[in-house]
Amino acid sequence: MLLWIYCLLVLVSLFSGPSGITLQPLSQPPIIINDTTDCTNIDQLLQSLTQSIASLINESVSTNLSCLLNSGSSAQCAADSCHAIAQALPNNPSGYYWILNSTNAAVNVYCDLVRYLNGSRGWMRVAYVNMSDPSQTCPSAWTLYSPATNVRLCGRPRGPGCFSVNYTTYGVPYSKVCGWVKGYNFNTNDAFNRWNCSSLVLPCVYTAIDQAYLDGVSITRNSPSRQHLWSYVDANGGACPCVTNSAFGYTIPSFVGPDWYCQGQGGGNSTSYYNYPLWGGACSGSQAPCCTNPNLPWFYKTLPGQVLDTLEVRICSDQILSDEDTRLQNVELDC
């Protein structure tokens, strides 16, 4: 009989372990058996233990079932990732959910549960700028430009150089990054920069990722030095390396590799430059080769392994504002 009691106590200890569920109090005061031959109240003890275990199991099953059906709905039901929510609940809409970060802390993030990109669904939004929403403002490192009524864009506050905004990933590990940028060409941007304005010896090539190696938008991760993810290159005329018979001959920096989009539009320095969006996938004529990637305007990058790095978006140019700028309406980064 004492063996049965011991087994029940073991079960109680198992169910009150790491799950964090508190054992329900016994319905009767504890019974002290002073002698192994005293079995008068053994049945009463067994009944109390059985009731407590049954209550504990019911609570555990109920909690787990509720979280299974409502993954990510609360900190208590935090999911492993946005991808896990998309897999478990494929009909759920995008929105804010709770997931676990690298320290097992629950964090509330926006999950895009709808978009498929390279076969993956369930993305955690890290950066989001939408200047067509009048309630949004430019990040503090950038300046608001309003070239027309209801047109609001973010650009560099001065130049030359790069102006960056950093975005945390909430301590959530990731191995894939995707995103998109919508911008506008202002004046004489010329793709990958060849000239170093601080040098008296020309040409002088910008080769370092920390320099303004492009006119446009540089997306990197910091680990702790910058690692290139994608470049959205802005060019006026035929400066894009992808343009048919381009006469500019700009060299693509080795750290960029194939991970870039380039487009030039006819807005230039006209007052209506905001009518010519970049990187939307609509290219014609000599620029047609620049828009062959089916993911445009989205980019997608797989990393060698999981990281916790912050993400960085920089607007860059090697000239002053009156000569060159890239002004943005939308930025989104997910991982």
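In this structure, CD in Gln87 is found 11.0 Å from OG in Ser71, a value given to the nearest 0.5 Å. Here the CG atom belonging to Leu153 is positioned 11.0 Å from the OG1 atom belonging to Thr326, to the nearest 0.5 angstrom. Atom-to-atom distance recorded for Met131:CE and Gln329:CD is 8.5 Å, nearest 0.5 angstrom.
Asp112 has no carboxylate O lying under 4.0 Å from a charged side-chain N of Arg125, or vice versa, which leaves the two without a salt bridge.
Disulfide criterion (SG-SG under 2.5 Å) for Cys335 and Cys178: not met. Sulfur-sulfur distance for Cys262 and Cys240: below 2.5 Å, consistent with a disulfide.
Side-chain atoms of Asp325 never come within 3.5 Å of backbone atoms of Asn185 as a donor-acceptor pair (strictly under, hydrogens ignored). Distance alone, capped at 3.5 Å, is enough to place a donor-acceptor pair between the Tyr174 side chain and the Asp309 backbone. A donor-acceptor pair under 3.5 Å links the side-chain atoms of Arg156 to the main chain of Glu324, judged by distance alone. A donor-acceptor contact shorter than 3.5 Å is absent between the side chain of Gln287 and the backbone of Cys242. Here the side chain of Tyr167 pairs no donor or acceptor atom with the backbone of Tyr128 at under 3.5 angstrom. Side chain of Ser317 to backbone of Asp215: no donor-acceptor contact under 3.5 angstrom is found.
Ser218 is linked by a side-chain hydrogen bond (donor to acceptor under 3.5 Å, both in side chains) to Tyr213, Arg314, counting only residues two or more places apart in sequence or in another chain. When the side-chain hydrogen bond (donor to acceptor under 3.5 Å, both in side chains) test is applied to Thr143, no partner is found at least two apart in sequence or on another chain.
Using a 4.5 Å heavy-atom cutoff, the side chains of Thr169 and Thr310 are not in contact. Looking at Ser102 and Pro173, their side chains come closer than 4.5 Å, going by heavy atoms from C-beta outward. Side-chain atoms of Pro160 and Gln319, non-hydrogen and from C-beta on, never get closer than 4.5 Å to each other. Proximity of Leu333 to Leu229: side-chain heavy atoms (C-beta onward) are nowhere separated by under 4.5 Å. No side-chain heavy atom of Pro93 sits less than 4.5 Å from a side-chain heavy atom of Val114. Taking the side chain as every heavy atom from C-beta outward, Lys301 and Leu303 approach each other to under 4.5 Å. Under the 4.5 Å side-chain criterion, counting only non-hydrogen atoms from C-beta, Asn330 is not in contact with Val129.
The environment of CG in Asp80 is sparse: at most 12 heavy-atom neighbours from other residues, nucleotides or ligands sit within 6.0 Å.
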Notebook entry, point to check: Taking it one step at a time, do Cys290 and Cys283 satisfy disulfide (SG to SG under 2.5 Å)?
Noted result: CA-CA 7 Å; Cys290 300; Cys283 298; 5.6 Å; no
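Each disulfide (SG to SG under 2.5 Å) pair with one or both residues in residues 126-161, not counting sequence neighbours, appears once here: Cys138-Cys154. Screening residues 276-297 for salt bridge (charged side-chain N to carboxylate O under 4.0 Å, His left out) gives no qualifying pairs among residues at least two apart or on separate chains. Listed by first and then second residue, the ring-ring contact (aromatic ring centres under 6.0 Å, His included) pairs that reach into residues 89-110 are Tyr96-Tyr110, sequence neighbours excluded.
Clustering of Ile, Leu, Val, Met, Phe, Trp and Tyr side chains at separations under 4.5 Å leaves Tyr116 isolated, with no partner residue.
Between Phe186 and Tyr273, the ring-plane angle classifies as perpendicular under the 30° and 60° cut-offs.
Taking the ring centroids of Tyr261 and Trp279, they lie at or beyond the 6.0 Å cut-off.
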